Amino acid sequence: MAKEDPTGGAALEAARREKLRKIQQLGLDPWGGRFDGHAPIGQVRAREDEITVEPVGECETGKPPEQSGPKVRVAGRIVLQRKKGKLIFIDIRDWTGQIQLFIGQNQVGPTNWELAQCFDLGDIIGVDGELKRTKTGELTIFAEDLHFLCKALATPPAKHHGLADPELRQRMRYLDLIHGEGVLERFLRRTQIVQSIRGTLAAEGFVEVEGPTLHAIAGGAAARPFTTHHNALDIMLYLRIALELHLKRLLVGGIERVYELGRVYRNEGISPRHNPEFTMLEVYQAYGDYRTMMDLTEKIIAGAIRATGQAPRLAWGGAEIDFSLPFARKTYDEAFAEHSGVDPNDAAAVAALAEEIGLEPAGKHPDVVKSEVFEAKVEDRLAGPVFVTDYPASICPLTKRKAGQPEIAERFELFIQGMEVANAYTELNDPDLQEELFSKQLAGQAEEDSMAKMDRDFIRALRHGMPPAGGLGIGIDRLVMLLTGSQTIREVILFPLLRPEISG
RNA sequence: GAGGAUGUAGCUCAGUCGGUAGAGCAACGGACUUUUAAUCCGUAGGUCUCGGGUUCGAGCCCCGACAUCCUCACCA
């Protein structure tokens, strides 16, 4: 509804639309088009040493020394504008950097000068000019020709503050990327990390596959799934909560080194460390075991740190994490004793501690109680990086038991800053034992916490023989958090889940 | 799901004791050909998140709703 007097944002937009009209009157397209031959601003800045200063005489007062520099062409978004009479200084930015433009009325000619009057913050322009320095030494493109590439109708956020409201930053991530300090760099670094992981795995001979995201049975982890429906088949389906069971089918099928790096979905709470959809890496290696996976985990993480050009000691939220190899290793019982102060094999003492910290141990399997105490008392204190090994077998239904110690599972979890970053098993390949474990839910365990979901097809696959194997899962978002100094998962996910905006 | 905090101009934020809504940036008009968050003069811009209530009078107090953030729970 238009008001009689344009007010607020409407007035700002009206001013921009008026300039858009003027651009059209100049015979130019305010929405631009193909623009060839421009160089990334970062590369242009690197040509600074090509500028030559004429050594002729003293410079006259007020006049810069005669220089000549390379002719360059760039394109970018206007982020700052300083008008000074018949002269305009503009800072434009692309995804490699930012540079100043010098636009003088006498230097660019009447049409370009008219065009420059129509520039607003946020517009995208192209420039031809000569790379030189101003009197104050600022590297600057002295414009000779201007090209209009896109009008911004909406006003960008305050030029030096960017967006402060975390909701707006996530909802309008495009603005956050333009104006947020280090935001674009952080997401590009995420890409570097993911590329590095793929490179490490390729170098080790693994192949990447794409499993189904729609599952008839949501298996492979203990989590509540999202449900959906297929119309033609009229069946209920789940969005996958893990990659595990299909990758293991591929081990049966002879893909001996296989991984998937993709999205999984869990219908659970949202927190600084949880988003309902997140990126998971799962890797399976035939004829390996959990120790093989430990070495691989170290290679993957060390490679990712190298790829981001960082040293192995990283600052994170006031702490320093030392990623130097090898990472520390502790057994589950050692970590338990150290941080809870209770003997992990003394079930009564563990139960007493559970009672003390408000858990309700009565009627629960002792290993469930132990696991709950571990999560409550121990995990947060594992600054790491530390591999915690040898978990109670009863809480690991997809894991092979230790030879001669059936109560211990060949499993490790990698903890860093209290976060579980990786989880690996020597994979269980005994179909009879797997079937038994699928059907057994431990006493006191909530249904959604249990992996007791029978996947008959998976059992059938195991009956055809899955080679002994090591399997590894890495939470990519959390790893990226640690390698980018991000305290919340929302800083490393481009579009985290938000409630839909109420439409007015 | 529970508790706490927040919501004011396009953006960033003030707003005292309940008494006519404020600043900076952005915008508009003017001056300025080497500025660096340019400067200077002037103008305009508001459903104070929404809905009730108390009051002569509410941005402010009370109740409710919505959204976001934090902590906890669930989880990786």
Side-chain angles (χ1 to χ4, degrees), chain A residues 1 3 5-16 18-19 62-65 79-91 98 100-108 113 120-122 132-140 142 152-172 175 179 221-224 241-242 264 266-281 358-359 372 375-376 379 413-415 418-423 446 448-449 473-479 481 487-490 496 498-502 504:
Chain A
M1 286 236 212
K3 298 183 178 176
D5 302 315
T7 57
L12 295 177
E13 183 176 325
R16 283 167 180 263
E18 178 58 25
K19 290 177 184 167
K63 284 215 168 182
V79 291
L80 226 51
Q81 191 170 207
R82 295 177 290 281
K83 293 196 176 185
K84 196 177 183 303
K86 296 174 175 135
L87 183 58
I88 308 174
F89 291 95
I90 283 176
D91 289 6
Q98 188 169 319
Q100 176 171 269
L101 310 180
F102 176 108
I103 300 172
Q105 184 175 25
N106 297 338
Q107 287 83 349
V108 295
W113 185 250
D120 283 307
L121 293 183
K132 292 196 288 194
R133 282 188 215 92
T134 59
K135 200 164 72 177
T136 51
E138 176 88 10
L139 190 62
T140 300
F142 286 75
L153 292 176
T155 313
K159 55 189 179 186
H160 296 290
H161 301 97
L163 288 173
D165 182 340
E167 177 190 354
L168 286 181
R169 289 190 46 216
Q170 290 156 30
R171 219 180 269 290
M172 306 176 79
L175 289 183
H179 298 101
R224 269 177 286 183
I241 58 172
V264 298
R266 299 190 180 176
N267 204 341
E268 282 158 355
I270 295 172
S271 85
R273 293 175 178 194
H274 300 85
N275 192 61
E277 53 178 316
F278 61 101
T279 302
M280 179 92 117
L281 168 70
L359 302 169
E372 287 178 0
E375 283 169 20
E379 286 191 1
E413 290 193 294
L414 174 63
F415 287 94
M419 283 195 287
E420 187 197 326
V421 173
N423 184 13
E448 63 263 21
D449 298 340
I474 294 181
I476 297 298
D477 310 277
R478 288 184 174 179
L479 181 62
M481 285 170 66
Q487 301 297 297
T488 81
I489 201 165
R490 295 165 165 248
L498 295 171
R499 277 192 173 77
E501 267 176 299
I502 334 132

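Every chain is numbered from 1 and lettered A, B, ... according to where its sequence line falls, protein lines coming before strand lines. Note that the structure is predicted; figures quoted are calculated from it, not measured.
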message = Students often get this wrong, so: under 4.0 angstrom with heavy atoms, is A:Arg490 touching a base, only sugar-phosphate, or nothing?
response = sugar-phosphate
ask   = Taking atom C1' of B:A37 as reference, at what distance in whole Å does atom NZ of A:Lys84 sit?
value = 16 Å
ask   = Watson-Crick or G-U wobble partner for B:A23, using a 3.5 Å limit on both distances?
value = B:U12
ask   = Under the side chain to side chain contact (heavy atoms under 4.5 Å, CB included) criterion, do A:Thr155 and A:Arg16 qualify, and how do the steps go?
value = CA-CA 9 Å; A:Thr155 313; A:Arg16 283 167 180 263; 4.0 Å; yes
request  = Output the single nucleotide from B:C70, B:A76, B:A38 whose closest atom is nearest the side chain of A:Phe278.
outcome  = B:A76
query = Looking for any heavy atom pair under 4.0 Å, which part of the strands does A:Phe142 touch: base, sugar-phosphate only, or nothing?
reply = base
request  = May I have the distance from A:Gln105 (atom CD) to B:U35 (atom P), rounded to whole angstrom?
outcome  = 19 Å
query = Just how far, in rounded Å, is C1' of B:C72 from CD of A:Glu268?
reply = 16 Å
request  = Would you mind telling me which of B:U33, B:A76, B:U35 lies closest to the side-chain atoms of A:Arg478?
outcome  = B:A76
query = Which nucleotide in the list B:U68, B:U33, B:C11 gets nearest to the side chain of A:Pro157?
reply = B:C11
task = May I have the distance from A:Ile103 (atom CD1) to B:U33 (atom P), rounded to whole angstrom?
result = 15 Å
Opposite nucleotide pairing with B:A67, Watson-Crick or G-U, both atom distances under 3.5 Å = B:U6
ask   = Counting side-chain heavy atoms from C-beta on, which of B:G10, B:A38, B:U33 comes nearest to A:Gln107?
value = B:U33
query = Does B:G1 have a Watson-Crick or wobble mate here (both distances under 3.5 Å), and if so which one?
reply = B:C72
message = Rounding to an integer number of Å, can you tell me how far A:Lys83 NZ sits from B:C40 P?
response = 18 Å
Atom pair distance, as rounded to whole Å: CD1 in A:Ile270 and P in B:A76 = 16 Å
message = Base of B:U68, side chain of A:Gln170 - is there a donor-acceptor contact under 3.5 Å?
response = no
query = What is the nucleic acid contact for A:Asn275, judged by heavy atoms within less than 4.0 Å: base, sugar-phosphate only, or nothing?
reply = base
Point-to-point distance, once rounded to the nearest 0.5 Å, from CG of A:Leu101 to CZ of A:Phe142 = 10.5 Å
ask   = Does the pair A:Gln81 and A:Leu121 meet the rule for a side chain to side chain contact (heavy atoms under 4.5 Å, CB included), with working shown?
value = CA-CA 7 Å; A:Gln81 191 170 207; A:Leu121 293 183; 4.1 Å; yes
message = Taking any heavy-atom pair under 4.0 Å as a contact, classify A:Glu420: base, sugar-phosphate, or nothing.
response = sugar-phosphate
inquiry  = Under 4.0 Å from OP1 or OP2 of B:C28: is there any side-chain N or O of A:Lys19 that close?
reply    = yes
query = When the P atoms of B:G29 and B:G45 are considered, how many whole Å apart are they?
reply = 16 Å
task = Taking atom C1' in both B:G10 and B:A44, compute the distance separating them and give it to the nearest angstrom.
result = 14 Å
query = Looking at CD1 of A:Ile489 and CZ of A:Arg478, how far apart are the two atoms once the value is rounded to the nearest 0.5 Å?
reply = 6.5 Å
A:Thr140 side chain reached by A:Arg133 side chain, heavy atoms, under 4.5 Å = no
Pairwise P distance, B:A14 and B:G24 [rounded to whole Å] = 16 Å
ask   = So do the side chains of A:Asn267 and A:Pro276 get within less than 4.5 Å of each other, counting heavy atoms only?
value = no
ask   = A:Glu18 CD to B:C28 C1': how many Å, rounded?
value = 12 Å
message = Counting only Watson-Crick pairs (N1-N3 plus N6-O4 or O6-N4) and G-U wobbles (N1-O2, O6-N3), all under 3.5 Å, who is the partner of B:A31?
response = B:U39
key: Any strand: nucleotide that pairs with B:A58 via Watson-Crick or wobble, under 3.5 Å   = none
key: Out of B:U33, B:U35, B:A67, whichever nucleotide has its closest atom nearest the side chain of A:Lys135   = B:U35
task = Indicate whether A:Phe89 forms a stack on B:A38; treat it as stacked only if centroid distance is below 5.5 angstrom and interplanar angle below 30 degrees.
result = no
request  = Using the C1' atom on both, measure B:C61 against B:C48 and round to a whole Å.
outcome  = 16 Å
query = Expressed as a whole number of Å, how far does the C1' atom of B:G52 sit from that of B:G15?
reply = 25 Å
note = Checking B:C28, B:C74, B:U35 against the side chain of A:Asp120 (C-beta onward), the nearest is B:C28
query = With a 4.0 Å cut-off on heavy atoms, is A:Lys132 in touch with a base, just the backbone sugar-phosphate, or nothing at all?
reply = nothing
Residue met sooner reading RNA chain B from 5', once A:Phe102 and A:Glu413 are mapped to nucleotides = A:Phe102
ask   = Going by distance alone, is a donor N or O of one side chain under 3.5 Å from an acceptor N or O of the other, for A:Arg273 and A:Gln487?
value = no
message = Rounding to an integer number of angstrom, what distance separates B:C62 and B:G19 when you compare their P atoms?
response = 16 Å
message = Rounding to an integer number of angstrom, what distance separates B:U39 and B:G3 when you compare their P atoms?
response = 49 Å
request  = Using only side-chain N and O atoms of A:Arg82, determine if any of them is under 4.0 Å from OP1 or OP2 of B:U35.
outcome  = no
task = For B:G7 versus B:G42, give the span between their C1' atoms, rounded off to a whole number of Å.
result = 33 Å
message = Expressed as a whole number of angstroms, how long is the span from A:Leu168:CG to B:U8:P?
response = 10 Å
request  = Look at all strands and tell whether A:Arg16 reaches a base, only sugar-phosphate, or nothing, counting heavy atoms closer than 4.0 Å.
outcome  = nothing
key: Test item: A:Asp477 side-chain N/O and A:Thr279 main-chain N/O as donor-acceptor pair under 3.5 Å   = yes
